[in-house]
Amino acid sequence: MIPDVVGVRVVGDVHGDAEAFAHAAATDRFIVQLGDLADHGPDSAGALRLMFRLIDEGRGLFLLGNHDYRLARALAGRLARIEPALEQTLAQLDAPLRKRAAAEIARAPAWLRWHDALFVHAGFHTAMLAGPSPLPHPIAQGRADGVLARALYGEPTGRMQPDGFPERSLRWVERIPAGLTVYCGHDQRSRDGRPYLRRGAAGGTAVFLDTGAGKGGHLAWIDLPTAA
């Protein structure tokens with residue numbers, strides 16, 4: 001799925017910042033985008049179109065993020081409540097783009113192993129080492145659960161934060177095996193605008209690339225060599 005003849009550029013959450021995503025995509029490297037292409041930023045339609053063009057040209061792919069999953073459920077008429085950010089995204093999508101988005105999201109991997117790297121939107125689970133994520137996704141069946149929930153939402157503590165969002169634990173980082181690096185987004189963990197690196201007790205590493213694109217921050221990416 002990822003060619004070994006070129007390096008890889010891992011791109012964090014885009015959230016509708018199509019202009020920044022265009023800068024990230026201006027490379028000969030293969031683009032691995034970690035999910036959450038749409039919502040919040042000014043041009044979700046542009047971000048989706050750019051990603052789909054990369055797919056058509058064989059130059060990139062995206063991982064399934066929770067916002068992508070919600071977009072697909074909304075397009076399928078499966079959401080009882082549509083939040084303002086998603087409502088804004090839907091207003092930008094014409095009929096052909098809606099159809100393409102539904103199709104691409106259904107076949108976007110929820111996690112992907114490449115050499116000594118594992119790409120996932122939100123959080124790692126050891127079951128991801130057993131093989132690729134099942135496709136297509138059960139969008140019509142309701143909220144994701146099991147390993148798919150870990151991939152989309154991370155590991156919740158069961159508590160709520162002051163901002164009203166669920167608190168998420170990083171205990172899963174401790175279970176990343178030695179020699180493996182997990183590249184993910186979803187949570188803004190960085191305090192200095194650069195990707196946040198955290199090493200786990202088992203010897204593995206997590207790299208968080210969500211630095212706030214589309215939400216007042218910027219888009220982050222990391223270039224990997226041909227063998228990650």
Side-chain angles (χ1 to χ4, degrees), residues 1-69 71-72 89 97 100-122 124 128 132-133 135 137 151-152 180-186 188 190 193-197 206-215 217-228:
M1 186 176 288
I2 299 177
D4 281 330
V5 294
V6 295
V8 166
R9 174 165 290 180
V10 190
V11 180
D13 302 37
V14 171
H15 280 303
D17 192 342
E19 182 177 357
F21 190 27
H23 286 292
T27 177
D28 292 333
R29 293 175 176 270
F30 188 87
I31 299 296
V32 175
Q33 198 279 322
L34 295 174
D36 281 7
L37 284 161
D39 296 346
H40 296 294
D43 191 6
S44 291
L48 291 166
R49 287 192 177 97
L50 174 54
M51 186 70 252
F52 300 157
R53 184 164 71 247
L54 292 173
I55 291 172
D56 290 342
E57 295 171 355
R59 297 199 301 118
L61 60 83
F62 70 100
L63 279 293
L64 183 69
N66 59 304
H67 282 260
D68 311 305
Y69 191 72
L71 173 58
T89 294
L97 189 53
R100 181 71 189 271
E104 294 297 346
I105 293 169
R107 55 177 169 250
W111 62 86
L112 183 63
R113 179 79 181 267
W114 184 66
H115 300 297
D116 294 329
L118 188 141
F119 308 112
V120 67
H121 177 64
F124 169 76
M128 296 173 184
S133 59
L135 294 171
H137 303 295
L152 296 183
L180 183 69
T181 300
V182 174
Y183 294 89
C184 60
H186 191 56
Q188 289 182 237
S190 174
R194 296 178 294 180
Y196 171 61
L197 184 149
V207 181
F208 295 83
L209 277 88
D210 185 353
T211 49
K215 300 178 181 179
H218 63 275
L219 182 64
W221 60 83
I222 292 178
D223 288 344
L224 305 183
T226 53

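- Contacts of Tyr196 classified as ring-ring contact (aromatic ring centres under 6.0 Å, His included), with partners at least two apart in sequence or in another chain: Phe208.
- The closest donor-acceptor contact from the side chain of Ser44 to the backbone of Asp39 lies under 3.5 Å.
- Put simply, NE2 on His15 and CG on Asp210 are 5.5 Å apart, with the number rounded to the nearest 0.5 Å.
- In terms of heavy-atom proximity, Leu63 sits nearest to Phe119 at CD1-O, 3.7 Å.
- Considering only residues two or more places apart in sequence or on other chains, Arg53 meets the salt bridge (Lys or Arg N to Asp or Glu O under 4.0 Å) condition with none of them.
- Ala110 meets the side chain to side chain contact (heavy atoms under 4.5 Å, CB included) test with Ser133, His137, Leu148, Ala151; sequence neighbours excluded.
- How far OG1 of Thr211 is from CG of Leu219: 6.5 Å, rounded to the nearest 0.5 Å.
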Please tabulate, for side-chain N and O atoms in residues 17-30, each donor-acceptor pair with protein atoms closer than 3.5 Å (sequence neighbours left out).
unit_1	atom_1	unit_2	atom_2	d
Asp17	OD1	Ala20	N	3.1
Thr27	OG1	Arg29	N	3.0
Arg29	NH1	Leu224	O	2.5

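- Among residues two or more places apart in sequence or in another chain, the ring-ring contact (aromatic ring centres under 6.0 Å, His included) test is passed with His186 by His121.
- Here the straight-line distance linking atom CZ of Phe62 with atom CG of Leu34 works out to 12.0 Å at 0.5 Å rounding.
- In this structure, CG on Leu209 lies 8.5 Å from CG on Asp13, to the nearest 0.5 angstrom.
- Ion pairing of Arg100 with Asp56 is present here, as a side-chain N (NZ or NE/NH1/NH2) and a carboxylate O approach within less than 4.0 Å.
- Gln188 is linked by a side chain to side chain donor-acceptor pair (under 3.5 Å) to nothing, counting only residues two or more places apart in sequence or in another chain.
- Using modelled atom types, no side-chain atom of Asp223 and backbone atom of Arg9 make a donor-acceptor pair closer than 3.5 Å.
- Exactly one of Leu50, Val14, Thr89 qualifies for a side-chain contact (heavy atoms from CB on, under 4.5 Å) with Leu37. That residue is Val14.
- Between the His218 side chain and the Gly193 main chain, a donor and an acceptor come within less than 3.5 Å of each other.
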Could you walk me through whether His67 and His40 pass the side chain to side chain contact (heavy atoms under 4.5 Å, CB included) check?
-> CA-CA 10 Å; His67 282 260; His40 296 294; 3.6 Å; yes
